[in-house]
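Data first, discussion second: the structure below is written as structure tokens.
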Amino acid sequence: RSFDGTWFDGDISFVNPYYRVTYSDGDISDLTALELRFLADLVFPEATISFHSGDLDGGWSDGTVVEPYHKKHGALWVPKGYEWQSSATHSWLVQFRDGVAAVALPTERKVEERADNPPGSWMSLSN
């Protein structure tokens, strides 16, 4: 995680029913399995990502993660044919240059580079 632009490593232990992350600055977070999964994928509020909405919808767009998705954010943007990989549980509200969108960011669609990936692919830009 980062604080004021400084990144801190963390050690993970299981303290039933949570995963405890003890950061190198001494802070501790108790996370659910899903929260730990997002942290490992570098998805958290203020993280930067790039999301591929498809060539007809502008291609790749960079954005900043705002918060986990809630129904109040409206409909999720889901690429055609990938509905089975999208759920509110794996979705976040993201601020893009042209506005905000609720998008699913499942690990199964995370990629390391932009070339030759289908709509709905995403990558972390946070280090």
Side-chain angles (χ1 to χ4, degrees):
R1 76 178 179 125
S2 70
F3 183 73
D4 287 337
T6 302
W7 283 91
F8 296 95
D9 293 331
D11 293 319
I12 302 169
S13 59
F14 184 69
V15 180
N16 197 15
Y18 297 103
Y19 291 89
R20 176 161 288 167
V21 182
T22 305
Y23 297 99
S24 58
D25 67 349
D27 282 353
I28 294 174
S29 295
D30 289 332
L31 307 175
T32 65
L34 181 62
E35 291 169 331
L36 182 61
R37 178 180 177 178
F38 279 125
L39 184 61
D41 281 342
L42 298 177
V43 177
F44 49 86
E46 298 184 23
T48 53
I49 65 158
S50 191
F51 187 83
H52 186 22
S53 59
D55 294 334
L56 298 177
D57 288 326
W60 286 93
S61 296
D62 296 348
T64 302
V65 175
V66 177
E67 64 184 0
Y69 170 80
H70 300 284
K71 287 184 179 182
K72 68 180 180 181
H73 296 137
L76 287 174
W77 185 91
V78 179
K80 188 174 182 177
Y82 290 89
E83 295 83 3
W84 63 277
Q85 283 187 347
S86 299
S87 73
T89 304
H90 297 106
S91 300
W92 292 77
L93 188 67
V94 179
Q95 175 70 54
F96 295 102
R97 183 182 66 229
D98 297 333
V100 295
V103 296
L105 302 175
T107 298
E108 295 80 9
R109 291 202 316 256
K110 185 178 181 187
V111 298
E112 297 299 319
E113 58 186 48
R114 295 178 179 178
D116 300 321
N117 288 298
S121 299
W122 68 277
M123 58 189 294
S124 173
L125 300 178
S126 298
N127 292 329

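Computed from a predicted structure; not experimentally measured.
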Determine the minimum heavy-atom distance between Asn117 and His52, stating which atoms define it. O-CD2, 3.0 Å

Minimum heavy-atom separation for Pro119 to Gly54, with atom names? CG-CA, 3.7 Å

Not counting sequence neighbours, which residues clear ring pair (Phe, Tyr, Trp, His ring centres under 6.0 Å) with Trp122? List them please. none

Heavy atoms from other residues, nucleotides or ligands near CD of Glu46 exceed 12 (cutoff 6.0 Å): no

Which label fits Phe44 and Trp7: parallel for a plane angle under 30°, tilted from 30 to 60°, or perpendicular past 60°? perpendicular

Any side-chain heavy atom of Thr48 within less than 4.5 Å of one from Asp62? no

Does one hydrophobic cluster hold both Val103 and Phe38, with members joined at side-chain heavy-atom distances below 4.5 Å? yes

Measure the shortest side-chain to side-chain distance between Trp60 and Met123 over non-hydrogen atoms and say whether it is less than 4.5 angstrom. yes

Ignoring hydrogens and angles, tell me if any N or O in the side chain of Arg109 forms a donor-acceptor pair with the backbone of Ala104 under 3.5 Å. yes

Grab the two heavy atoms, one from Pro45 and one from Val66, that are nearest each other, plus how far apart they are. CB-O, 3.6 Å

Going by the rule side chain to side chain donor-acceptor pair (under 3.5 Å), which residues pair with Thr107 if we only count those two or more places apart in sequence or in a different chain? Arg37, Asp41

According to a hydrophobic-cluster definition based on side-chain heavy atoms being under 4.5 Å apart (Ile, Leu, Val, Met, Phe, Trp, Tyr only), do Phe8 and Val21 belong together? yes

What's the verdict on side-chain contact (heavy atoms from CB on, under 4.5 Å) for Tyr18 and Thr32, showing C-alpha distance, side-chain angles and the deciding distance? CA-CA 5 Å; Tyr18 297 103; Thr32 65; 4.0 Å; yes

side-chain hydrogen bond (donor to acceptor under 3.5 Å, both in side chains): which pairs involve residues 64-75, sequence neighbours left out? Glu67-His73

So, for Glu35 and Asp30, which heavy atoms are closest and what is the spacing to 0.1 Å? OE1-O, 4.2 Å

State plainly whether one hydrophobic cluster holds both Leu39 and Ile12, where clusters connect Ile, Leu, Val, Met, Phe, Trp and Tyr through side-chain heavy atoms under 4.5 angstrom apart. yes

Which heavy atom in Phe96 sits nearest to a heavy atom in Ala101, and how many Å separate them? CE1-CB, 4.0 Å

Atom pair CD/OG of Glu108 and Ser121 - distance to nearest 0.5 Å: 12.0 Å

For Trp92 and Val43, indicate whether the former's side chain and the latter's backbone hold a donor-acceptor pair under 3.5 Å. no

In the single-linkage hydrophobic clustering (I, L, V, M, F, W, Y; side-chain heavy atoms under 4.5 Å), do Leu31 and Ile28 co-cluster? no

As an exercise, state the distance from CG of Leu34 to OG1 of Thr89, rounded to the nearest 0.5 Å. 6.5 Å

Please tell me if the side chains of Asp27 and Ser29 come closer than 4.5 Å, counting only heavy atoms from C-beta onward. no

Do the non-hydrogen side-chain atoms of Leu125 and Ile49 ever get within less than 4.5 Å of each other? no

